[in-house]
Protein chains: 2
Amino acid sequence: MDSSANVSERQVQAPSLAISTVIFALRDDTATGRPEIWLPLVRRIRQPHLGRWALPGGPLDGRESLQDAAARNLRETTDLDPTYLEQLYAFGGLDRSATQRLVSIVYWALVRPEQADLARASENVQWFRASEVAGLAFDHDEIVAYALGRLRGKIEYGSVAYHFLGDRFTLAQLRGVYEAVLGKQLDPANFRRQFRSAKDIAPTDEVLQGGRNRPPRLYRYTGARADPPGVDDGTGAGTRTGLAPGTGVRNPVGVPGAMQADVVAEAAGGQS
Amino acid sequence: MDSSANVSERQVQAPSLAISTVIFALRDDTATGRPEIWLPLVRRIRQPHLGRWALPGGPLDGRESLQDAAARNLRETTDLDPTYLEQLYAFGGLDRSATQRLVSIVYWALVRPEQADLARASENVQWFRASEVAGLAFDHDEIVAYALGRLRGKIEYGSVAYHFLGDRFTLAQLRGVYEAVLGKQLDPANFRRQFRSAKDIAPTDEVLQGGRNRPPRLYRYTGARADPPGVDDGTGAGTRTGLAPGTGVRNPVGVPGAMQADVVAEAAGGQS
DNA sequence: TCTTGTTAAGGTCAGTTTGACTATAACTCA
DNA sequence: TGAGTTATAGTCAAACTGACCTTAACAAGA
């Protein structure tokens, strides 16, 4: 509206650009044995929000692509290469940071629990249960909530779930992923039925020995494991490989239904 | 990899930030009478790509939120306020523009055909059939293709289709929207069946007079018309109000199916 | 060695949804 | 008045879902 001259110096400056990354991994609950969603956070070592936990990230310099910068966040925080990395959203509200106008392009990643050295908690890097994350710096609480919503939405389609798992997995493990992400139990028999007829999943001739019950067969994911290089869709359009079965997420037929808005955010700050 | 000093001046500078907007409207084909997807483009009046068509957009200054800047693009190009406006993706490849490192945050919008003054084609603003767009400046071809993929993905859920239509509409008009977006014909009877049981659609007691056939009943969309203010989801998570019926888009059940990757892009340039 | 507990794996069944198709209603135009 | 076209309602078989049942395979303990 008002484009006259009397604006503060700060607002006239071009916004700063930062990349942040929400990294999800599964970890079996020590009590129930059921997998839960965890994510690493880093402690801020400067103002603003000094000392608070925040998403890994930093300013974007001119030499990296967005995705490369996010992958670097991932490496520096977890020592892992991404098995899944996708752009989440660009947060650019005017008051995300008190000290500067900051636009953060946020990525989200999935890593495998075996790889993620969850024990590698240092003074400034620690893993938290996603359900218990609160009080983060900037608007990172909302970003995490938004990322969780996206994860749920994405798992209803294909492929994503497999990025939490290793090369071979049992149907029970796969079901565990779905249950952790969707936050509800699924019928094992129906889950099996749907996944047995899935195109991108193939039984191996191996079984998982060592359990105390009947040894489950191991399966292999035969679809695309990662997004095509340089390709990165911002929604469900991309690597979608079919619908998640047994999801309990019945086909939202009947057309327009109830407003299902997930947690959304127009905010967030970058770790700089 | 190489963080030594011998890098060009340009690459060391912070990337420039721009906002671009893909604006979709429907327009009835003069021959078949069936609606098609159109979008406005602006001619570049400076280098690079001088004279070529490009998405409306411009640099982000420090005083606007991302969404506000996109809404301004929309207004300045079409004289319309957004009925639907959502973030599409942030494009940040290293070589999107030859002259500078440029990161573009792209929005996409839907407008109503009655409102969109399609005739208002000036020397530097013109509407094009989405299916015929080609040869745009920067990587805007790919951005448009990506936006079309997102539109298709989104229409399979709820609400989005209605933003193409006015307050009252017939089921045939609504079906026309779906057919234009999905690029295939749908069975009128089945389409009707599903939408009649839809929660967010209600029949009025009016019919549309003046046609040469049986006058169709008018319906009203009773769900949320626009995204909550300031709220803007980057995917299908947000305003999702149910699945599109009759879509022919059968529930992608059976779990993982065929890789359905839509057109994606890691590129694009901003109109500056 | 037999019993018990637990998970794996396969199957049944009723209710719902889908896609293809048919039939009738309502209107304009020739 | 009859032909043509769209609106609207219904039918039917195939497919899918969710709930539930049965049997297989294994470990641990009696």
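Below, read A as the first sequence line, B as the second, and so on, with proteins coming before strands; counting in each chain starts at 1.
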Side-chain ion pair, Arg217(A) and Glu206(A), N-O less than 4.0 Å: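 No, Arg217(A) and Glu206(A) are not salt-bridged.
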Arg75(B)/Asp81(B) ion pair, N-O < 4.0 Å: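 Yes, this pair counts.
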Validation row: Leu55(B), Leu41(B) side chains within 4.5 angstrom (heavy atoms):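 Sidechains of Leu41(B) and Leu55(B): in contact.
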Using whole Å, what does the distance between atom [atom2] of nucleotide [N] and atom [atom1] of [X] come to?
| X | N | atom1 | atom2 | value |
| --- | --- | --- | --- | --- |
| Arg175(B) | dT8(D) | CZ | P | 11 Å |
| Leu174(A) | dA8(C) | CG | P | 12 Å |
| Arg217(B) | dA25(C) | CZ | C1' | 13 Å |
| Gln173(B) | dT6(D) | CD | P | 14 Å |
| Arg214(B) | dA9(D) | CZ | C1' | 9 Å |
| Phe195(B) | dT17(C) | CZ | C1' | 15 Å |
| Leu208(B) | dC27(C) | CG | P | 13 Å |
| Lys184(B) | dA20(C) | NZ | C1' | 15 Å |

Looking only at side-chain atoms of [X], point me to the closest of [options].
| X | options | result |
| --- | --- | --- |
| Asn190(A) | dA25(D), dA19(D), dT8(D) | dA19(D) |
| Arg192(A) | dC20(D), dA25(D), dA9(C) | dA9(C) |
| Pro216(B) | dA19(D), dA20(C), dT8(D) | dT8(D) |

Whether Tyr221(A) and Tyr162(A) hold their rings parallel, tilted or perpendicular, with breakpoints at 30° and 60°: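 It falls in the parallel class, under 30°.
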Residue whose closest nucleotide on DNA chain D lies nearer the 5' end, Pro188(B) versus Arg212(B):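 Closer to the 5' end of DNA chain D: Arg212(B).
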5'-most by nearest nucleotide on DNA chain C - Asn213(B) or Leu218(A):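 Looking at DNA chain C, the more 5' nearest nucleotide goes with Leu218(A).
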Arg193(A) vs Tyr219(A), nearer the 5' end of DNA chain C by closest nucleotide: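 Whichever sits nearer the 5' end wins; that is Tyr219(A).
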Sugar-phosphate, base or nothing in reach of Ala189(A), heavy atoms under 4.0 Å: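 Base contact.
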Donor-acceptor under 3.5 Å (Arg152(A) side chain, Val181(A) main chain):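 Looks like yes, one N/O pair under 3.5 Å.
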Short side-chain N/O contact to dT17(D) OP1/OP2 from Gln194(A), under 4.0 Å: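 True: Gln194(A) side-chain N/O within range (under 4.0 Å) of dT17(D) OP1/OP2.
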Under 4.0 angstrom between Arg196(A) side-chain N/O and dG10(C) OP1 or OP2: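 So the side-chain polar atoms of Arg196(A) do come within 4.0 Å of the phosphate oxygens OP1 or OP2 of dG10(C), strictly under.
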